[in-house]
*Asks:* 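Mind looking over this structure? Questions follow.
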Amino acid sequence: MKSQPGKRAVELGQFILDNKSTVRATAKQFGISKSTVHKDVSERLSEINPELYVQVKNILEINKRERHIRGGMATKIKYQELARQRIKK
């Protein structure tokens, strides 16, 4: 997604807002790095569209507060899958 940084920042912000997406999931969806997404929505977006910036910032704060829970769930699922594979052998 090689577009103008300002336009891209608004698109990324709108995507995060619409889907309540994480920075990592947004980066994957658009085929760009997490650093680019973070810079666009935390720096560029605040100058271009302050209203959207505040909404996106709130979602990213929620994601930040919940990331330890998602990480724990991912680990739990990983080990459950490993246990299932051992049983099948």
*Asks:* Please test Leu12 against Phe30 for side-chain contact (heavy atoms from CB on, under 4.5 Å), starting from the C-alpha separation and ending with a verdict.
*Replies:* CA-CA 8 Å; Leu12 294 172; Phe30 285 87; 3.5 Å; yes
*Asks:* side-chain contact (heavy atoms from CB on, under 4.5 Å) with Gln29: which residues, sequence neighbours excluded?
*Replies:* Phe15
*Asks:* Going by side-chain contact (heavy atoms from CB on, under 4.5 Å), name the residues that satisfy it together with Ser42, two or more places apart in sequence or in a different chain.
*Replies:*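 Expected list: His38.
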*Asks:* Kindly write out the residues that satisfy side-chain hydrogen bond (donor to acceptor under 3.5 Å, both in side chains) with Thr36, not counting sequence neighbours, or none if the list is empty.
*Replies:*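 Per chain and number, Thr36 pairs via side-chain hydrogen bond (donor to acceptor under 3.5 Å, both in side chains) with Ser33.
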*Asks:* My understanding is that only residues two or more places apart in sequence, or in another chain, count here; which of them pass side-chain hydrogen bond (donor to acceptor under 3.5 Å, both in side chains) with Ser46?
*Replies:*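 Result, side-chain hydrogen bond (donor to acceptor under 3.5 Å, both in side chains) vs Ser46: none returned.
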*Asks:* Rest of the hydrophobic cluster containing Leu82 (Ile/Leu/Val/Met/Phe/Trp/Tyr, side-chain heavy atoms under 4.5 Å)?
*Replies:* Tyr79
*Asks:* Can you give me the closest heavy-atom contact between Thr26 and Thr22, atom names plus distance?
*Replies:*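 That closest heavy-atom pairing would be OG1-O, 2.8 Å.
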*Asks:* Once you round to the nearest 0.5 Å, how far does CE of Met73 lie from NZ of Lys78?
*Replies:* 15.0 Å
*Asks:* Does atom CZ of Arg70 have more than 12 heavy-atom neighbours, drawn from other residues, nucleotides or ligands, at distances under 6.0 Å?
*Replies:*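 Yes, enclosed.
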*Asks:* If every non-hydrogen atom of Arg8 is compared with every non-hydrogen atom of Ile32, which pair is closest and at what distance?
*Replies:*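 Looking at all heavy atoms of both residues, the shortest contact is CD-CD1, 4.3 Å.
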*Asks:* Which residues pass the side-chain contact (heavy atoms from CB on, under 4.5 Å) test with Lys28, sequence neighbours left out?
*Replies:* none
*Asks:* Pairs of donor and acceptor atoms involving the side chains of residues 50-66, under 3.5 Å and at least two apart or interchain, shall be tabulated with distances.
*Replies:*
residue, atom, partner, partner atom, Å
Asn58, ND2, Val54, O, 3.3
Asn63, ND2, Ser21, O, 3.1

*Asks:* Out of curiosity, Ile48 CD1 to Gln4 CD, how far, rounded to the nearest 0.5 Å?
*Replies:*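 Reported to 0.5 Å precision, the distance equals 10.0 Å.
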*Asks:* Partners of Gln14 by side-chain hydrogen bond (donor to acceptor under 3.5 Å, both in side chains), sequence neighbours excluded?
*Replies:*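 Checked Gln14 against side-chain hydrogen bond (donor to acceptor under 3.5 Å, both in side chains); matches are Asp18.
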*Asks:* With sequence neighbours left out, what residues match Arg84 under side-chain hydrogen bond (donor to acceptor under 3.5 Å, both in side chains)?
*Replies:*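 With sequence neighbours excluded, Arg84 shows a side-chain hydrogen bond (donor to acceptor under 3.5 Å, both in side chains) to Glu81, given in chain and number order.
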*Asks:* Which pair of heavy atoms, one from Val41 and one from Leu45, lies closest together, and at what distance?
*Replies:* O-CB, 3.7 Å
